[in-house]
Protein chains: 2
Amino acid sequence: MPTLADVGKAAGVSRGTVSNVFNRPELVRPELRQRVEAAARALGFGGPDPKGRLLRDGKFNAIGFMPPGAYAIAEVMRSPYGRELVLGVSLACDEAGTTLSLVNGTDNTRFASIREALVDGFILGHSGDIGLITSAQRRRLPFVILESDAGPDINSIKIDGRRGAVAAVRHLTGLGHRHFAILSIRRTPGPPIVHMPGQAKRPLLAGFSLDDERLDGFKQGLAEANLSIDDVPIIETTPGDPSAGAVVFDSVPEATAILTMSDWQAITILDEAVCRGIEVPGHVSVIGFDGTAESARTTPPLTTVAQDVIGKGRLAARMVLDNQPPRQVVLPVELVVRASTAAPRAKIR
Amino acid sequence: MPTLADVGKAAGVSRGTVSNVFNRPELVRPELRQRVEAAARALGFGGPDPKGRLLRDGKFNAIGFMPPGAYAIAEVMRSPYGRELVLGVSLACDEAGTTLSLVNGTDNTRFASIREALVDGFILGHSGDIGLITSAQRRRLPFVILESDAGPDINSIKIDGRRGAVAAVRHLTGLGHRHFAILSIRRTPGPPIVHMPGQAKRPLLAGFSLDDERLDGFKQGLAEANLSIDDVPIIETTPGDPSAGAVVFDSVPEATAILTMSDWQAITILDEAVCRGIEVPGHVSVIGFDGTAESARTTPPLTTVAQDVIGKGRLAARMVLDNQPPRQVVLPVELVVRASTAAPRAKIR
DNA sequence: CAAAATTCTTGGAGCGCTCCAAAAAATGGT
DNA sequence: ACCATTTTTTGGAGCGCTCCAAGAATTTTG
């Protein structure tokens with residue numbers, strides 16, 4: 001690869017002049033400029049290498065997005081929530097003329113990824129791993145963490161998951177439902193885990209504040225209707241796991257209402273329901289979470305606990321870009337009632 | 001920001017030793033290592049700055065994705081096609097442990113973006129602008145261009161758009177349709193442009209080979225049924241423009257079949273049809289393009305010219321990552337018949 | 001036509017790091 | 001105690017660039 005100096009030598013000028021030809025052409029005499037340009041072309045020099053400049057002035061002009069938990073970028077792109085989040089971030093990046101780096105990192109390389117990412121700041125998806133946060137702090141770059149409790153010195157944005165979960169349950173108990181199943185999020189790869197009532201070690205408080213809050217909200221909502229979450233089966237599934245629906249219907253056939261933690265999970269249920277000829281909301285009500293665009297397009301359209309995912313992504317990017325003193329933002333949620341929920345039938349299928 | 005040298009001074013060791021502490025800790029005596037680590041902590045040094053390393057060994061470990069045409073990243077993320085494409089790319093990036101940079105660039109900054117992007121190679125969305133390609137070549141990094149004719153020295157991947165378009169028309173004419181409307185892609189911002197038959201300057205051969213090929217395929221398909229594309233209204237709309245449907249129904253009320261260039265456009269039509277009480281496929285048949293996941297979830301599910309978008313993205317990333325001699329890949333398409341197309345009713349609404 | 005003003009070009013310094021050959025320190029063997 | 005090994009640490013070189021003060025060339029002015 002030729003460098004500025006090589007071109008300079010070929011054209012009989014100095015490094016600095018060649019740099020000027022490319023960066024401030026108005027500073028160099030037209031005739032000389034042409035000579036330099038010709039030399040550059042002859043050598044196949046395509047302009048100053050950004051690496052050099054980078055070291056000199058130190059801005060990457062990029063922000064990084066690190067997927068939540070231990071997910072890969074592709075898993076984010078697959079999930080309706082993840083896509084809208086990235087869309088929101090990209091909106092802010094577009095405005096700011098910044099590159100958006102989707103930073104990869106498997107479980108064991110996440111720390112290295114944070115240390116090495118070529119970015120001016122980053123957005124961390126939620127994580128139960130406190131180590132990631134200290135790792136991010138060490139880098140001394142502005143960053144924001146999503147859906148995690150991270151204390152007052154750290155930028156964070158989360159939704160009011162508890163309130164959303166309560167609202168979901170109230171809606172359903174108000175409709176007359178008494179038999180629930182909860183679809184919770186499995187945070188490790190693997191098949192669905194079914195926690196039936198009475199079993200030891202139910203997955204409350206697993207360390208992910210996102211999940212814990214919602215579960216806690218479900219608990220509260222159920223309690224308000226004199227129901228105990230301890231009597232409700234909880235199924236942990238990996239987001240997008242297509243077998244989720246089958247497992248739910250097989251292990252909790254008596255449920256008339258299914259609470260989920262994401263639209264994606266709810267959609268999975270809807271798909272399986274179609275396969276089995278189970279009617280939604282006739283036989284069973286399903287409620288999503290997030291209020292993604294997809295939730296409005298399903299058949300039937302999903303009742304869901306909506307949040308402004310795009311706005312959240314955009315805000316996250318802005319916080320990183322603006323680099324103000326740390327804030328902890330809690331975004332509101334709103335129950336959007338559509339057609340996937342209705343009163344239970346007197347007799348169950 | 002403290003540097004290796006600062007930490008070294010504080011700990012009474014050399015730059016090189018500090019570097020070793022962070023990169024090859026096994027090389028340095030435990031006791032010394034601890035001293036250095038303590039000094040680093042005291043100074044708030046969070047590890048070697050990646051900028052320095054970068055200049056030294058020159059790999060960004062990232063590939064760039066530059067949106068097609070003059071679109072912003074957010075526009076890519078919004079479109080079903082764009083999302084799947086990025087998903088495919090991210091899949092390959094995950095496997096390779098590479099960062100995916102979504103490179104921003106408005107019309108006037110695209111060249112600069114290519115020149116400056118901190119990537120080891122890139123994927124260019126289709127473009128009518130040959131300048132972009134030379135600009136990319138100058139950078140002398142592996143790159144691939146999507147859906148464009150770029151000659152034999154350049155990596156490119158495209159689908160067989162002509163064949164797909166022909167198949168779409170055949171399907172419809174086979175069903176008995178004789179009255180068409182074509183939804184083509186407007187490549188500049190702005191409202192839909194309606195080209196009625198007989199008007200001058202119809203938008204065939206607009207310079208985007210993607211569009212041109214499909215239009216040409218439509219033409220051929222129509223010709224096979226003794227129909228002329230010159231008699232078919234063509235409406236150019238910006239992808240995702242919600243007014244597209246209204247414009248089509250208003251300006252071509254006699255059409256019994258609507259050909260589009262993307263699922264997204266077709267979905268727009270479906271939405272508008274619902275608003276107007278127009279039945280699909282009862283009153284009008286609609287055919288999509290791309291075969292994205294969304295196309296299977298609409299009501300009714302879309303008949304569409306399907307391609308393997310995810311596979312395309314993945315292949316593109318692989319080509320960049322592998323840096324082999326240039327190839328020109330043409331991917332097959334397949335007409336997926338679903339429920340948005342049917343024989344026209346005898347009498348039009 | 002020399003001096004002053006202006007325009008253009010130069011090359012040193014330095015960005016922070018890693019590599020590596022060589023020096024220094026520690027260890028081991030006799 | 002001494003020399004040969006082995007283990008640790010050192011610091012120069014260099015990655016490619018931009019900035020900038022200073023020097024060179026050119027143009028303007030009196």
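Everything numeric in this text was worked out from a predicted model, so none of it was measured. Chain naming here is simple, since letters A, B, ... match the order of the sequence lines and numbering starts at 1 in each.
In this structure, CZ in B:R83 is found 10.0 Å from CZ in B:R78, a value given to the nearest 0.5 Å. Atom CG of residue B:D149 and atom NE2 of residue B:H126 lie 12.5 Å apart, to the nearest 0.5 angstrom. Distance check: A:Q328 CD to A:N155 CG gives 7.5 Å after rounding to the nearest 0.5 Å.
Taking 4.0 angstrom as the limit, B:S14 places none of its side-chain polar atoms (N or O) nearer than this to OP1 or OP2 of D:dG11. Between C:dT9 and A:N20, no contact under 4.0 Å exists linking OP1 or OP2 to a side-chain N or O. Phosphate proximity of D:dT18 to A:S19: present, with a side-chain N or O under 4.0 Å from OP1 or OP2. One finds no side-chain N or O of B:T17 lying less than 4.0 angstrom from the OP1 or OP2 phosphate oxygen of D:dT9.
Between the side chain of B:R186 and the main chain of B:T188, a donor-acceptor pair closer than 3.5 Å is present.
When every heavy atom of B:T99 is checked against every heavy atom of A:N104, the shortest pair comes out as OG1-N, 4.1 Å.
Taking every heavy atom of residues 47-60 of chain A and every atom of DNA chain C, pairs under 4.0 Å involve A:L55, A:R56, by number.
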Nucleotide by nucleotide, 5' to 3', does protein get under 4.0 Å of the base (B), only the sugar-phosphate (S), or neither (-) in nucleotides 22-27 of chain D, counting heavy atoms? ------
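Contact annotation for A:F45: backbone-only contact, meaning every heavy-atom pair under 4.0 Å involves sugar-phosphate atoms and none involves a base. At a threshold of 4.0 angstrom between heavy atoms, the contacts of B:R24 are confined to the sugar-phosphate backbone, with no base atom among them.
For B:E75, there are no salt bridge (charged side-chain N to carboxylate O under 4.0 Å, His left out) partners two or more places apart in sequence or in a different chain.
Here the nucleotide nearest the side chain of B:R15, chosen from C:dG16, D:dA13, C:dT10, is D:dA13.
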